Asker: 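Below are the structure tokens for one structure; questions will follow.
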Number of protein chains: 2
Amino acid sequence: MLPGMFDKTEDRPASSRLLLDQIADKWSILVLGALCTGPLRFNALKRSLDGVTQASLTQTLRRLERNGIVERMVISTSPIAVEYVITPLGRSLEPLFHSIDDWTRTSLPEVEAARRRFDERRRT
Amino acid sequence: MLPGMFDKTEDRPASSRLLLDQIADKWSILVLGALCTGPLRFNALKRSLDGVTQASLTQTLRRLERNGIVERMVISTSPIAVEYVITPLGRSLEPLFHSIDDWTRTSLPEVEAARRRFDERRRT
DNA sequence: CAGAATCCCTTAGGATACTG
DNA sequence: CAGTATCCTAAGGGATTCTG
């Protein structure tokens with residue numbers, strides 16, 4: 001595990017950035033998306049993400065758990081099972097993510113056009 | 001400048017992440033927030049941000065410009081002046097950012113409570 | 001099964017110095 | 001004023017190996 005991951009003395013970023021600092025890492029959104037349809041166990045989650053390493057997934061889940069976005073439920077069978085469930089707080093992010101997704105979809109062509117213009121100006 | 005910054009062969013991330021990969025860096029949202037009230041020149045922008053280095057600000061502005069979120073207007077005086085203006089595409093992000101900000105403000109207490117619980121469980 | 005520990009490489013971004 | 005050019009460090013995250 002990364003040292004200092006659970007430091008309690010973290011500096012408070014500007015409030016607009018608080019969410020993003022914690023949620024906008026490489027996998028969080030995809031994890032949330034996967035859990036929105038129902039609880040999943042660790043390896044099921046890992047398979048549904050495709051590309052994530054178990055170290056990164058663990059790290060992502062710990063952060064989401066710490067922030068109250070997902071809940072980790074240990075089922076004491078043998079071998080052990082762990083289910084991850086989205087919390088109400090996590091669910092409250094759904095509309096936000098949908099808005100982001102909508103914006104992305106509708107604006108993508110315009111963004112790509114802008115990129116082409118920019119790159120063209122640079123090339124000459 | 002960072003090598004590969006303007007690569008045209010960038011891989012396309014999952015669409016939900018496209019926006020975030022480009023906008024959720026350390027300074028973009030704050031830059032957008034500052035420019036929403038009106039155009040600003042480079043150093044004015046730098047002062048209004050407080051803490052950003054000029055290298056990071058330049059990098060942030062170039063990316064926003066490339067994605068069509070801000071426009072860079074050179075005013076050929078002496079010494080040279082440069083104004084940064086938000087584009088209509090950039091403005092279309094405003095409601096999104098407000099939503100993020102709202103979520104952050106209303107959910108912050110709950111997030112912090114979750115963090116305390118998590119850290120407490122860990123400590124023992 | 002669900003991780004923890006370790007190694008390693010890449011990148012973001014701060015500090016600093018210089019320029020048209 | 002508005003950058004560019006370097007150097008440098010810290011953190012993210014992939015790959016791999018080990019364990020209760």
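Please read all numbers here as calculations on a predicted model, not as lab measurements.
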Asker: Which whole-number value in Å describes the distance from D25(B) CG to dA11(D) P?
Answerer: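 Between P of dA11(D) and CG of D25(B): 18 Å.
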
Asker: Want to settle it: does I80(A) or S56(A) sit nearer the 5' end of DNA chain D, counting the closest nucleotide to each?
Answerer: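 So the residue in question is S56(A).
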
Asker: State whether Y84(A) places a side-chain N or O below 4.0 Å from either non-bridging phosphate oxygen (OP1 or OP2) of dG3(C).
Answerer: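 Affirmative; the distance criterion is met.
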
Asker: Of the listed nucleotides (dG3(D), dG3(C), dA2(D)), which one gets closest to any side-chain atom of R62(A)?
Answerer: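 Of dG3(D), dG3(C), dA2(D), dG3(C) is nearest to the side chain of R62(A).
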
Asker: Expressed as a whole number of angstroms, how long is the span from E65(A):CD to dG3(C):C1'?
Answerer: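 Distance, rounded to whole Å: 13 Å.
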
Asker: Before accepting this row, confirm whether a basic side-chain N of the pair E94(B)/R91(B) lies closer than 4.0 Å to the acidic partner's carboxylate O.
Answerer: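 A salt bridge is present here (some side-chain N lies under 4.0 Å from a carboxylate O).
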
Asker: Between L57(A) (CG) and dG13(D) (C1'), how many Å, whole number?
Answerer: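 Whole-Å distance recorded here is 12 Å.
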
Asker: At less than 4.0 Å, is any side-chain N or O atom of R72(B) found next to OP1 or OP2 of dG3(D)? Yes or no.
Answerer: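 Yes.
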
Asker: Nearest 0.5 Å, please: how far is CZ in F97(A) from CG in L32(A)?
Answerer: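 Reported value, rounded in 0.5 Å steps: 5.0 Å.
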
Asker: Rounded to the nearest Å, what distance is computed from the NZ atom of residue K46(B) to the C1' atom of nucleotide dA2(D)?
Answerer: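 The distance from NZ of K46(B) to C1' of dA2(D) comes to 11 Å, rounded to the nearest Å.
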
Asker: Can you tell me how far P of dG13(C) sits from CG of D21(A), to the nearest Å?
Answerer: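 D21(A) atom CG is separated from dG13(C) atom P by 10 Å.
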
Asker: Taking C-beta and beyond as the side chain, do L64(A) and I23(A) meet within less than 4.5 Å on heavy atoms?
Answerer: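 A side-chain contact under 4.5 Å exists here.
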
Asker: Looking at R41(B), I'd like to know whether one of its side-chain N or O atoms comes within less than 4.0 Å of OP1 or OP2 on dA2(D).
Answerer: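 Looking at the OP1 and OP2 atoms of dA2(D), one of them is under 4.0 Å from a side-chain N or O of R41(B).
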
Asker: Roughly, in whole Å, what's the span from CG in D50(B) to P in dG14(C)?
Answerer: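 Taking CG of D50(B) and P of dG14(C), I get 12 Å after rounding.
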
Asker: With a 4.0 Å cut-off on N to O distance, would you call E65(B) and R115(A) a salt bridge?
Answerer: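 Here E65(B) does not pair with R115(A) in a salt bridge, since their nearest N and O are not under 4.0 Å apart.
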
Asker: So, does S107(A) use its side chain to make a donor-acceptor pair with the main chain of T104(A) at under 3.5 Å?
Answerer: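 It does not hold such a pair.
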
Asker: Given atom CG of L45(B) and atom C1' of dG3(D), what is their separation to the nearest angstrom?
Answerer: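 Going from L45(B) (CG) to dG3(D) (C1'), I get 13 Å.
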
Asker: Taking only the side-chain heavy atoms of T53(A) (C-beta and beyond), determine which of dC1(D), dA15(D), dG3(C) contains the nearest atom.
Answerer: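 The answer is dA15(D).
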
Asker: Expressed as a whole number of angstroms, how long is the span from I75(B):CD1 to dG3(D):C1'?
Answerer: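 That distance rounds to 15 Å.
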
Asker: Side-chain donor or acceptor of Q54(A) under 3.5 Å from a matching atom on the base of dA2(C)?
Answerer: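 No such pair is found, so the answer is no.
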
Asker: Indicate, with a heavy-atom threshold strictly under 4.0 Å, whether K26(A) touches base, sugar-phosphate, or nothing.
Answerer: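 Sugar-phosphate contact only.
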
Asker: Reading DNA chain C from 5' onward, which residue's closest nucleotide shows up sooner: A55(B) or N43(A)?
Answerer: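 Its nearest nucleotide lies further toward 5', so the answer is N43(A).
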
